[in-house]
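Step one of this worksheet: look at the structure below.
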Amino acid sequence: GAGVSQSPRYKVAKRGQDVALRCDPISGHVSLFWYQQALGQGPEFLTYFQNEAQLDKSGLPSDRFFAERPEGSVSTLKIQRTQQEDSAVYLCASSRDRGVETQYFGPGTRLLVL
Amino acid sequence: QKEVEQNSGPLSVPEGAIASLNCTYSDRGSQSFFWYRQYSGKSPELIMFIYSNGDKEDGRFTAQLNKASQYVSLLIRDSQPSDSATYLCAVSSGSARQLTFGSGTQLTVLP
């Protein structure tokens, strides 16, 4: 079946602009994760949803970052008033259930803030 | 100290050799361990996971886990140039089972 998809694949924003990044998880997957990957580093956890409930947002770096998954499928990560340090690849991953820990990653959105 | 440590490399091995990738972790309560492969500009792709002490083999790949030493490794036998990538070690932790990644080891297999 189809894997995790993300859009846009690339986004260039001027500093101070708001951006919205979309993730379509694998159909039927309950758990959805957002990660941020800086150049040359491993992904870092941002936030986690189980269905529509955001159960952990401890990794969000500031209150400019906001995520939602209103119907328990598609998720959107929004970054307000973007800063240069927000430039990174934003990865979405999904897994079938909380008890099944294998996470499958989408292709990522590469965000560049100028 | 990072929670998950990997040698950043780069690690170069000749084609056909065994590549050995190592990872240590700090959280003794960690229970699940994963190896992902990431080609340049691509997303992480799961290679193997391991939960129990000992070895787990899958084709040319063997994962080894030693919870007492907080150490997990990945062996790639008969390395191929197509194995050239960054290998990420990840540990599942927290109530959300989120993955904590190392910085990755860059592997180059020379033809």
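Reckoned from all heavy atoms, side chains included, excluding hydrogens, waters and symmetry mates. Here is the naming used below: chain letters follow the sequence lines, and residue numbers restart at 1 for every chain.
Atom CZ of A:Phe45 and atom OG1 of B:Thr100 lie 9.0 Å apart (nearest 0.5 Å). Rounding to the nearest 0.5 Å places CZ of A:Phe105 at 5.0 Å from OH of B:Tyr36.
Contact of A:Gln6 with chain B is not made at all, since no heavy-atom distance falls under 4.5 Å. Interface remark: B:Glu45 contributes no atoms to any contact with chain A (heavy atom separation under 4.5 Å). With a 4.5 angstrom heavy-atom cutoff, A:Phe49 does not touch chain B via any of its atoms.
The number of heavy-atom neighbours closer than 6.0 Å to CG of A:Leu114, taken from other residues, nucleotides and ligands shown, is above 12. For A:Glu71, the CD atom sits in a loose shell: 12 or fewer heavy atoms of surrounding residues, nucleotides or ligands are nearer than 6.0 Å. Within a 6.0 Å radius of OH in A:Tyr104, no more than 12 heavy atoms belonging to other residues, nucleotides or ligands are found. Residue B:Lys56 places its NZ atom among more than 12 non-hydrogen atoms of other residues, nucleotides or ligands, all under 6.0 Å distant. At most 12 non-hydrogen atoms from other residues, nucleotides or ligands lie less than 6.0 angstrom from CZ of A:Arg15. Annotation: B:Gln31, atom CD; neighbour count of heavy atoms from other residues, nucleotides and ligands within 6.0 Å does not exceed 12.
Inter-residue side-chain proximity for B:Ser43 and A:Leu91 is flagged as met; some heavy-atom pair is nearer than 4.5 Å. Between A:Phe33 and B:Leu99 there is no side-chain heavy-atom pair separated by less than 4.5 Å.
For A:Gly42 against B:Leu88, the heavy-atom pair with the smallest separation is CA-CD2, 4.0 Å. Of all heavy-atom pairs between A:Arg110 and B:Gly41, the closest is NH2-CA, 3.9 Å.
In terms of hydrophobic clustering, with Ile, Leu, Val, Met, Phe, Trp and Tyr side chains grouped at heavy-atom distances under 4.5 Å, A:Val89 and A:Trp34 are assigned to different clusters.
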